[in-house]
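Okay, structure first, notes after.
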Amino acid sequence: QKKKKTRKPPPAGTELDLESYFATPAGWRAAHSMLKSNGYAPPEIEFLREAAELEEQLRTVKDPVERSALTNRIDQLRVRFRLAVERLRA
């Protein structure tokens with residue numbers, strides 16, 4: 001049987017950053033908290049992560065056609081992120 005490695009809690013007196021927890025709508029907090037504590041990001045965050053990776057690629061691309069394709073994909077991901085966040089707020 002494989003043992004699961006558990007994380008230790010932060011030392012006593014350490015200030016906890018609860019900003020992202022309370023920024024999440026109340027109905028989604030438990031699910032997002034469990035995903036985050038187990039090393040997974042919510043799908044909305046994956047959109048931002050992929051957009052950031054593409055922006056990094058964009059810095060080195062010289063071809064105008066490829067730059068345009070990357071820029072379009074980044075814009076699409078950001079729109080998907082905003083729509084997903086709006087759905088969570090509704």
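These figures come from a predicted structure and were not determined experimentally.
Taking E66 as the reference, nothing meets the salt bridge (Lys or Arg N to Asp or Glu O under 4.0 Å) condition, with sequence neighbours excluded. Applying the salt bridge (Lys or Arg N to Asp or Glu O under 4.0 Å) test to R49 and every residue at least two apart in sequence or in another chain returns E46. Judged as a side chain to side chain contact (heavy atoms under 4.5 Å, CB included), and not counting sequence neighbours, the contacts of T71 are L58, D75. Partners of R78 according to the salt bridge (Lys or Arg N to Asp or Glu O under 4.0 Å) rule, which considers only residues two or more places apart in sequence or in another chain, are E55. Annotation: side chain to side chain contact (heavy atoms under 4.5 Å, CB included) contacts of T14 (sequence neighbours excluded): P10, P11.
Side-chain atoms of S68 never come within 3.5 Å of backbone atoms of V65 as a donor-acceptor pair (strictly under, hydrogens ignored).
To the nearest 0.5 Å, atoms CD (E86) and CZ (F81) are separated by 10.0 Å. Expressed to the nearest 0.5 Å, how far CZ of R59 lies from CG of L70 amounts to 12.5 Å.
Connectivity analysis of hydrophobic side chains (ILVMFWY, heavy atoms under 4.5 Å, direct or indirect) links Y40 to L35.
The shortest distance between side-chain heavy atoms of Q76 and V79 does not fall below 4.5 Å. Contact check for K62 versus R67: no side-chain heavy atoms found under the 4.5 Å cut-off. A heavy-atom distance below 4.5 Å is found between the side chains of R87 and L83.
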